[in-house]
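Working notes for the structure below.
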Protein chains: 2
Amino acid sequence: MKNNVGREISDEILNSTNYKPFETTEIGHPTVHYTGHDVRVTKGDDKLVDSLDQVIKDNLKDGMTISFHHHFRNGDYVFNMVMDKIIKMGYKDLTLAPSSLTGVMNDKVIEAIKAGTITNITSSGMRGSLGEAVSHGLLKNPVIFRSHGNRARSIENGNIKIDVAFLGVPNADRMGNANGMNGESALGSLGYALVDAQYANKVVLLTDTIVDYPNAPASIKQTQVDYVVKVDKVGDPDRIGSGATRFTKDPKELKIAKMVNDVIVNSPYFKNGFSFQTGTGGASLAVTRFLRQSMLDNDIKASFTCGGTTSPIVKLLEEGLVKKVMDVQDFDKGAASSMKSNPGQTEIDGSWYADPDNKGAMVDQLDIAILSALEIDTDFNVNVLTGSNGVIRGAVGGHQDAGTAKMTIISAPLTRGRIATVVPAVNSITTPGSSIDVLVTEVGVAVNPARKDLIEAFKKAPSIPLVSIEELQKRAEGIVGKPKPIEYTDRTVALVEYRDGTLIDEVKQIKD
Amino acid sequence: MKNNVGREISDEILNSTNYKPFETTEIGHPTVHYTGHDVRVTKGDDKLVDSLDQVIKDNLKDGMTISFHHHFRNGDYVFNMVMDKIIKMGYKDLTLAPSSLTGVMNDKVIEAIKAGTITNITSSGMRGSLGEAVSHGLLKNPVIFRSHGNRARSIENGNIKIDVAFLGVPNADRMGNANGMNGESALGSLGYALVDAQYANKVVLLTDTIVDYPNAPASIKQTQVDYVVKVDKVGDPDRIGSGATRFTKDPKELKIAKMVNDVIVNSPYFKNGFSFQTGTGGASLAVTRFLRQSMLDNDIKASFTCGGTTSPIVKLLEEGLVKKVMDVQDFDKGAASSMKSNPGQTEIDGSWYADPDNKGAMVDQLDIAILSALEIDTDFNVNVLTGSNGVIRGAVGGHQDAGTAKMTIISAPLTRGRIATVVPAVNSITTPGSSIDVLVTEVGVAVNPARKDLIEAFKKAPSIPLVSIEELQKRAEGIVGKPKPIEYTDRTVALVEYRDGTLIDEVKQIKD
């Protein structure tokens, strides 16, 4: 059958699982049950242990689900350390349920899959060699891709039942009180890991810095932690960032950034108390810089930003242009290390950030989200997960979640090299077009026809070159031509959930 | 049958409930299940409501369990406001499950019982007219008295299933982010209420101060809150304290306080990094003052204090004599208002403070607890719940919980007026004698014979007049004589749980 965004969902999947096909971005007001979890009662005097091996041996069994966070990003030392031991100890059939997988973890995940240690994965995304391997059929069962909000939701409702969470932290006391703010490997917000700490049956902290008891503030609390393992080094904070902390000099990126800012400034949302989320990368930082100037020029202050936090966002906080930075994750060392000295930089967990099934997430309150796209089609559906060759090389991240903002802007070049960004149909759908309001490219701005109010507003702004998305698609095709269709096998290698847990797409195995 | 502290537990109770009789203070390492709860999904745009009546009507049904916190103590305006509406709306058969009941709530609780609105109560304690009424049989079913830690435990494991929590807060934003630190009615730590916010199916905040969104720090989070109701005034912070914030001038109290300090200083626990909990009241504040001087004289600093926080404790923090104040509740306006400016004054929830069924509570880490007693018997069993006439007039509070400290000191006068404190057998047991290590009275210090190490330590201190507890009991009886036995009926009006949920005692109805 086809779901509501026209994607084929195989009967096999629908029959063998509890999935419902994606229907709507309007989630409504169901009453959902938040699951319980098991707790081994302890006074805690035996939490501090030297032997990670012993902790694994005492707590892990074949078939269990293990989790990690990805806050250290490519500076992570914990994942490989733990996974290496688990592989060597001969465990089988584990489900890997990290908040996401970064490139530095790829080799070890592939090794674990080949060893039969990992047979199931749920993640926000995967890239590089791991994406290639999975797209070519390496993993036994389909990967389940979930947004950050959906992961929190799925842990809360028991769809992801974490048996053992291995969480790297830059500091902890002997009882497990820990935060991300202090220590040599400070990573800032522990946002995504906080849900694991709350719901996992067993919580193992790994840290290189044991501090005096009691440690405060405690983002992760002693009431949640079973073990504290001292290791040499948990991560390299210099590699948290992608490197792109400097303003772009690329004229195309600058043009897009300037136009995104024009869209914001000319929208009905640009007024005192507005809120926004930007992403990472040079273009996004450029938007932040243009927006800063517009806020100064118009004497407008924002109530909050949310999502991943960068140094330029922290600067807005310090300047008083933003009142609160609701911080689920930090994208560079500067943002990470500023958390301890900026009370307005407030740590929030993955549920608070983006869970669609709670009593109100930050993203529900967002006025403006600026998001990226690998592809966007003429129905405004966005793909941030698979490349133009159909291979997995991205992450859902908070894309579906922040897509609920009152005005969601996709900022993307019309083409990248010989590849069109605006296409007739994306090769996989991450975020449905009904969530997307505006597409900004270097050659024009397309507004979702459902948003007549925005079209009217932007018509009054001479600096915004309005154009239809079909026109953009044709221009892209005119530049790069029609690509050869991707050849897939019938086998499903990944399921893409919408943030409410319905199935928005399947990713098929690439034909070799 | 008799339980392990020799108290008669009626077959009727054991047969009609799941209770097990109290056995031991050693809880061990069971694996317990933390219960889930229901959440009504919302984006939160409709949380801010004017009509408390409508909120009650939409969410409350006969037979449900409602909760409140007692952080405003006798300055609370919320309980009576809400309960008055509930009574008038004709609800029946509710279970009242507040963190405790203070005197200012008594009339309204009695009215609700008489109206059939409340037929079950679980609380930390009750005093005055309500204690009298319950002891004389007013309530349909036995009250269940639980310690603060046991309440958290019982909410977590589902024994207390809160349908609707009505929580007064001194500030909140329109989505329900709230803390106890700011606003005209600041109460400091919201510790006990945090467990309700986390587990109740419906959470209703009442506040007199709506602040800009998003509010931070958020002790209670928008993800937990269903409604925010604006009211005129939630409480009077001047009435949080009992008034006893000044140093006692009573020579007997001073003598006891000085001796308690001698016991601490001469114990093996008085060294750098030690931890302690003191209570409220003039004598307790005097202990804090003596201890401060001893810490200065000996150049000793404490790692933390826990439990209810007073201004003299905050002063120790400010002076650097205590590193962290782990604050579950504030006992005076000064302590309440200092939380926002003292980062070391760390808010902890009821579970973190004292839950016996988690991964380690603060009380498990305590070196020294100084507690009070209405009665203590020659087995060191303590009663803080019923008066010498058998009438309920106290609260379990954190007594059983802090009793797990390495050295638990009971500080009490030998007699109060014509009433003995040290007795052959207490008229109800709150905390088992195996938890109690030292009794300090104005005429001598009795050490639990199980603590030979302490006896040896104190023998070396000439300032500590060691005496057996039997001797103290005889001296008390010599002064006030043998009291007439209390006359009870066969009917049980209250069950006293030990902190692990076993039954440590029953309180019978008083014969009129």
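Each chain gets a letter, A, B and so on, in the order its sequence line appears, and its residues count up from 1.
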With a 4.5 angstrom heavy-atom cut-off, is it the side chain or the backbone of [X] that approaches chain B, or both, or neither?
X: A:Q345; value: neither
X: A:N201; value: backbone
X: A:V32; value: both

Taking all atoms of both residues into account, what is the closest heavy-atom pair of [X] and [Y], and its distance?
X: A:V41; Y: B:D357; value: CG2-CA, 3.6 Å
X: B:P214; Y: A:S303; value: CD-O, 3.9 Å
X: A:G360; Y: B:T223; value: O-CG2, 4.0 Å

Using side-chain heavy atoms (C-beta onward) and a distance below 4.5 Å, is [X] in contact with [Y]?
X: B:N177; Y: A:W352; value: yes
X: A:R40; Y: B:H29; value: yes
X: B:N215; Y: A:K324; value: no
X: B:K43; Y: A:K359; value: no

**Fill in**
Scored by heavy-atom pairs under 4.5 Å with chain A, the best of B:T404, B:D349, B:D226, B:I348 is B:D226
Less than 4.5 Å to any heavy atom of chain A: does that hold for the side chain of [X], its backbone, both, or neither?
X: B:P356; answer: backbone
X: B:A361; answer: backbone
X: B:M362; answer: both
X: B:R174; answer: side chain
X: B:V363; answer: neither
X: B:V225; answer: backbone
X: B:D355; answer: neither

**Request:** Between chain B and each of A:D38, A:V39, A:T31, count heavy-atom pairs under 4.5 Å; write down the option with the most.
**Result:** A:V39
**Item:** When A:G44, A:A216, A:G158 are compared by non-hydrogen pairs under 4.5 Å with chain B, the top option
**Value:** A:A216
**Request:** Determine the interplanar angle of the B:H37 and A:Y34 rings, folded into 0 to 90°, and report it as parallel if under 30°, tilted if 30 to 60°, perpendicular if over 60°.
**Result:** tilted
**Message:** For the CG atom of B:D364 and the CG atom of A:D45, what is their distance to the nearest 0.5 Å?
**Reply:** 7.5 Å
**Message:** To the closest 0.5 Å, what do you measure between CD (A:Q365) and CD (B:Q222)?
**Reply:** 6.5 Å
